[in-house]
Amino acid sequence: MSSPPSVTVTRFAPSPSGNLHVGGARTALFCFAFAKGRHGRFVLRIEDTDQKRSSDAASLGFLKDLEWLGLRWDEGPVFEAPDGSSIGGGDHGPYFQSQRLEIYDAAITRLLEEGKAYEAFDTAEELDAARAAARAAGRPFRYDGAAALAMSDSDRAAARAGGKPGVVRFRSEGRAVTIRDEILGEATLPAGEVDDFVIRKADGFPTYHFAVVVDDESMGVTHVLRAQEHFNNTAKHLLLQEALGYRIPVYAHLPIIFNPDGSKMSKRDKDRALREAVVARGLEAPPNGRDGLPLCDQATFERWRGDKTVQLPGEVCSAIAEVLGVELPEINVEDFRRSGYLPEVLVNFLALNGWSPGNDLEKFDLAFLCERFSLERVVKTPAKFDRAKLLAFNLDALQAMDGETFLARLRAHGARYHPEFVARIGEANFAILAAASHPRSKTLDEVFRGNRFLVEPDDGIAWERTKAVEKALFKGEPTGLELLAAAKPELEAVAADDWSASSLEARLTAFCEAREVGNIGRIAQPLRIAVSGGTVSPPIFDTLAMLGRASTLARVDRCLASLSAAAS
RNA sequence: GGCCCCUUCGUCUAGCGGCCAGGACGUCAGGUUCUCAUCCUGAAAACAGGAGUUCGAUUCUCCUAGGGGUCACCA
C-alpha cells in the first residue's frame with residue numbers, strides 16, 4: 001500500500017553503530033517536526049547494512065532515546081514505550097535494512113539486465129593501488145570501469161566460479177548532476193565527479209547509497225532531511241533514482257553541529273577528556289571498579305593511554321571516569337539524560353542550532369516547533385554546540401516548574417541513576433532536599449552528585465583542609481570552630497521530635513543575637529563544614545533537618561574532636 | 001589536492017537595499033544572599049577583506065582569504 005503523494009513523509013535513518021548523538025537527534029527532531037507540522041508521517045528506519053558495525057543492542061538504544069525526546073515515530077521498529085504504549089510498526093517494513101535484501105536484489109537485477117550496472121571483481125589491493133597512484137599523480141581517484149565492462153559473460157561466470165567475490169557497480173557514465181536543495185539552493189557537480197560507485201558489496205549487502213534510494217521510494221518518503229555531510233552523495237542518489245524510474249524526493253541538508261573548538265562531536269571527545277585526566281594524574285594502570293577488579297586489562301589500558309586514536313568501549317570509559325571523578329563531555333542523548341537535562345530543554349536547544357522562529361523568540365516546546373518549523377528558516381552555517389547556554393536553558397526550565405513537578409522529575413531521575421541514594425535518604429527527606437534544591441539546581445543530577453554527604457555514614461565524613469575551610473573554621477574572633485563548640489549545646493537543646501528547619505533556625509538565630517556574632521553565616525558555615533565535610537550544601541537549616549539530630553550531633557562531635565586537635 | 005558549500009558580537013542567532021545592526025548564553029562591573037547557586041542593575045562586544053551594481057549596501061554580483069563537507073565493498 002503506497003501513500004498518496006500529497007502526504008508528507010520524512011524519515012530518520014540512523015546506522016545502529018553506537019548511540020544516538022546530539023547531531024542525529026537534531027536531524028530526527030527536524031524530520032519529526034517537518035512531518036508533524038504538515039500532518040504527515042515520520043518513519044524510522046535502521047540502516048544496518050554494515051554487518052561489522054551493527055548490533056542489536058545499539059539499535060535499541062536509539063529507540064529509547066528518541067522516545068525520551070518525545071519523537072515518536074509513526075512507522076518503524078516496534079518499541080514498547082515506558083508508559084506501556086507501543087510505537088512503530090507499519091505497512092512498509094521491514095524497517096531494518098538487513099531484512100530487506102530481496103528487495104534490493106530485485107532492483108539490482110533489474111539494473112544489471114538493463115545494462116545500467118555491472119559486476120566488477122577488483123580486489124581491495126588493486127583498488128588501493130589505483131587510489132595511491134591517483135594520489136601520487138595529484139588527481140582525485142575515479143574508478144575506471146573499462147576493464148570490468150570489457151568482461152564477457154563467460155569471464156564473469158569464471159570469476160564467480162573461481163570464488164572471487166564480486167561487487168556490483170552503478171554505471172554513472174561520469175555524468176554531471178545538478179542537486180536541488182531546499183536549504184542550500186542549487187549546485188552542479190561537473191561531469192566526472194561521480195564515478196561508477198559500488199551498489200552491492202561482495203558480502204551481498206547493498207551499499208548505503210543504494211539501500212537509501214530503494215527504501216525512500218518504497219516507504220513513500222517525500223522529503224529527505226539529513227546532515228550536510230550527505231550533500232555530495234545526493235548526486236549518486238539522483239542518478240540511481242533516474243535509472244530506477246523513481247520519484248525524486250525534496251532534499252534539505254541540515255548544517256552540522258560541532259564542538260566549540262570546531263572539531264566534530266564524537267565519542268573520541270570522551271576518550272580524550274579521560275586520557276588527559278589519566279595522564280595528568282600519572283595513572284599507569286586501570287583503576288579498580290566496585291568489585292575490586294581492574295576496569296580493563298593492563299595491555300588495553302596502556303595502548304589506549306599512549307595512542308590518541310585508540311578508543312575504549314563506552315562503558316569502560318564511563319566506568320573509569322566515574323571512579324576517578326572525571327566528568328566526561330556529553331555527546332550522546334543518553335549522556336545528557338544522565339547529566340540531568342530535561343528532554344524538552346534538549347529539544348528546544350537543539351532546534352535553535354540551525355533554526356530559529358524569528359522575532360527574538362527562543363523558548364518553545366515541541367508542539368510549537370512542529371507548528372512553526374520550516375525549511376526556509378534553516379540556516380546554512382554549521383553551529384558550535386554551546387553547553388553553557390544549554391545549561392542556562394535547563395536552569396530556566398527547572399525554575400519554571402512548580403515544586404510538585406520538580407519533585408516528581410527529580411525522583412524519576414534518582415530512581416534511574418541514583419537508586420541507592422534515593423533508598424537511603426528516605427521519602428520525607430527527599431522532599432525536603434527537592435524543595436531546597438529546586439531554586440539552585442541547573443540539572444537534576446547535580447542534586448545527587450552534590451549531596452552525597454547526606455547518605456554517607458556519620459563516620460564517613462572527612463574534612464579537607466581547603467582554603468575555604470580554613471577561613472571558616474580558624475579565622476576571626478571567635479573562630480568558627482569556637483563558635484561551633486559554643487553552638488553545640490544549642491543544638492542539643494532541640495529535642496528530636498522538634499528537630500526541624502524552623503526550630504533550628506529560631507534557636508541558632510537567637511544564639512547569634514545573644515553572642516552578637518552578627519551574620520548567621522558565621523555559624524552556618526562551620527556547621528555546614530562539620531556535617532558535610534565541605535563548604536557547599538543546601539541551606540544549612542534544611543541540611544540539618546535532613547540529617548536529623550543524632551547524625552548532626554555525631555558529626556559536629558567528630559569535627560570538633562578531629563579539627564580542634566589539628567588546630568592546636 | 002579536485003569538486004561542492006558556507007562567512008553578522010566569544011557562541012547560538014534576528015535581519016531578507018535606507019536599522020543608533022536586535023535578542024539569548026557567556027564575559028566584565030556593581031547589588032542582594034548563611035555556602036553554592038539563584039536573583040536584580042549596568043557595560044563591553046559583530047556585519048572577514050577588496051572591487052563592483054545602486055542615490056544608498058550587512059543585505060545583490062565578482063574576486064581573495066578563512067572555515068566546512070566530500071572524494072570507501074562506512075553510513
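No hydrogens, no waters, no symmetry mates; every other heavy atom, side chains included, goes into these values. Numbered from 1 within each chain, the chains take letters A, B, ... in sequence-line order.
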- Out of curiosity, A:L484 CG to A:R528 CZ, how far, rounded to the nearest 0.5 Å? 13.0 Å
- Query: NA contact type, A:T49, heavy-atom cut-off 4.0 Å: base, sugar-phosphate, or nothing?
  - Reply: sugar-phosphate
- Take atom C1' in B:rG22 and the same atom in B:rC62, then report the distance between them in whole Å. 30 Å
- Item | Minimum-distance nucleotide (side-chain atoms of A:H209 versus B:rC73, B:rA75, B:rC25) | B:rA75
- Message: Any base atoms under 4.0 Å from A:R377, or only sugar-phosphate, or nothing? Heavy atoms, all strands.
- Response: sugar-phosphate
- Determine the interatomic distance between P on B:rC47 and the same-named atom on B:rG42; round to the nearest Å. 25 Å
- Message: Using a heavy-atom cut-off of 4.0 Å across all strands, would you classify A:E193 as base, sugar-phosphate, or nothing?
- Response: base
- Can you tell me, in whole Å, how much space there is between the C1' of B:rC25 and that of B:rC34? 29 Å
- Note on the structure: Separation of B:rU13 atom P from A:D360 atom CG, nearest Å, is 14 Å
- Would the A:F373 and A:F30 ring centres measure less than 6.0 Å apart? yes
- Task: May I ask you to say whether A:R169 pairs ionically with A:E119, meaning some side-chain N is under 4.0 Å from a carboxylate O?
- Result: no
- Task: Determine the contact category for A:F349: base if any of its heavy atoms lies under 4.0 Å from a base atom, sugar-phosphate if only primed atoms, P, OP1 or OP2 are that close, otherwise nothing.
- Result: nothing
- Query: Which parts of nucleotides 27-39 of chain B does protein reach within less than 4.0 Å, heavy atoms only, written one letter per nucleotide 5' to 3' as B for base, S for sugar-phosphate only and - for none?
  - Reply: -------BBBBS-
- Message: Pair A:W73, A:F12 - check ring pair (Phe, Tyr, Trp, His ring centres under 6.0 Å), show working.
- Response: CA-CA 9 Å; A:W73 50 103; A:F12 178 56; 9.8 Å; no
- OP1 or OP2 of B:rC73 sitting under 4.0 Å from any side-chain N/O of A:K201? no
- Message: Distance check needed: B:rU13 C1' versus A:F364 CZ, whole Å only.
- Response: 11 Å
- Task: Pick base, sugar-phosphate or nothing for A:D122, based on heavy-atom distances below 4.0 Å to the nucleic acid.
- Result: base
- Task: Kindly say whether the aromatic ring centers of A:H209 and A:H237 come within a distance under 6.0 Å.
- Result: yes
